[in-house]
Amino acid sequence: CYTYNAMASILSRSRQIDPLKALSKDVPKSRCSFTPGALGFLIRCLGSVGLAEEANELFDEMRLKGLCRPDNYSYNCLLEAVSRSGSIDLMEMRLNEMRKFGWGFDKYTLTPVMQAYCNARKFEEALSVYNTMLEMGWADARVYSMLALSFTKWGEVDKAFELVERMDKQSMSLNEKTFCVLIHGFLKESRVEKALQLFGKMRKAGFTPDVSLYDVLIGGLCRNKETDKALCLFSEMKEFGIQPD
RNA sequence: CCUUCGUGAUGG
């Protein structure tokens, strides 16, 4: 039955949705049993291409037919698939079900849940998940980044920045991509000062900013008529040997 | 013990 997973893995990586759908219908009929790990893996293949509905059906069918006894990992995989599809109600149902079966939550359970609340702009719920993650000591760099990105999307640049400072205190650091996305986001909200501060942190962390960042920062400064600072950045950019475009 | 495919985020 690992044959199914080998196929599913390839199909999902090459985004062959229809064959994957067919495969997911086929698996329960085959009557071969899956370890909780193997089911989780398969569910994850489905989830990664957005087949949350079939992931859901497959999960139940496998359990009802006695072909798999899902465990905490299988549930986490299912929840990840469901949260990514954005159906909050279903996600909450599954969370309750999971608890009912005696499986505890961990950071892999809650991170996608928080993400789903963020995407649905369910502010209260997202924060409440965040707080429990804090209490449990599960709030790591990814969780902070995720929230900071959402705050930025909501126009709450100050709160996002606060989170970044909180990370500093705990000596967690953003990666290059996150810095980049956050700075772009700050500028989209025309918060040039905060963007510059973040830019400073980025360089302190040892990253070399790329052209697009200079481009967008200089643009922002010009719009603010802070041409002196803009020119300053421009010459700095050339010192780094980056070609202006 | 011949059971274990094992996980999460992001812009132009």
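Here is how names work: the chains are called A, B, and so on, in the same order as the sequence lines, proteins then strands, and each is numbered from 1.
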Check: [X] side chain, [Y] main-chain N or O, donor-acceptor pair, under 3.5 Å:
X        : Y        : value
A:Ser190 : A:Leu187 : no
A:Asp228 : A:Leu231 : no
A:Ser9   : A:Asn5   : no

How is A:Asn119 classified with respect to the nucleic acid when contacts are heavy atoms under 4.0 Å: base, sugar-phosphate, or nothing? nothing
Within the 4.5 Å heavy-atom criterion, are A:Leu221 and A:Leu196 side-chain neighbours or not? yes
If you restrict it to nitrogen or oxygen atoms, what contacts under 3.5 Å exist between nucleotides 2-4 of chain B and the protein, and what is each distance?
from : atom 1 : to     : atom 2 : distance (Å)
B:U4 : OP1    : A:Tyr2 : OH     : 3.4

Measure up the A:Phe123 and A:Trp154 rings against each other and bin them: parallel (under 30°), tilted (30 to 60°), perpendicular (over 60°). tilted
Charged N to carboxylate O below 4.0 Å: is that the case for A:Arg94 and A:Glu97? yes
Cation-pi geometry met for A:Lys194 and A:Phe161 (6.0 Å, 45°): yes
Quick one: what's the B/S/- string for nucleotides 7-12 of chain B, heavy-atom cutoff under 4.0 Å, read 5' to 3'? BBBBB-
Classify the side-chain pair [X]/[Y] by whether it contains a donor and acceptor separated by less than 3.5 Å.
X        : Y        : answer
A:Ser128 : A:Asn131 : no
A:Asp215 : A:Ser212 : no
A:Gln115 : A:Asn119 : yes

Stems with RNA chain B, 3 or more Watson-Crick or G-U pairs in a row (under 3.5 Å), are none
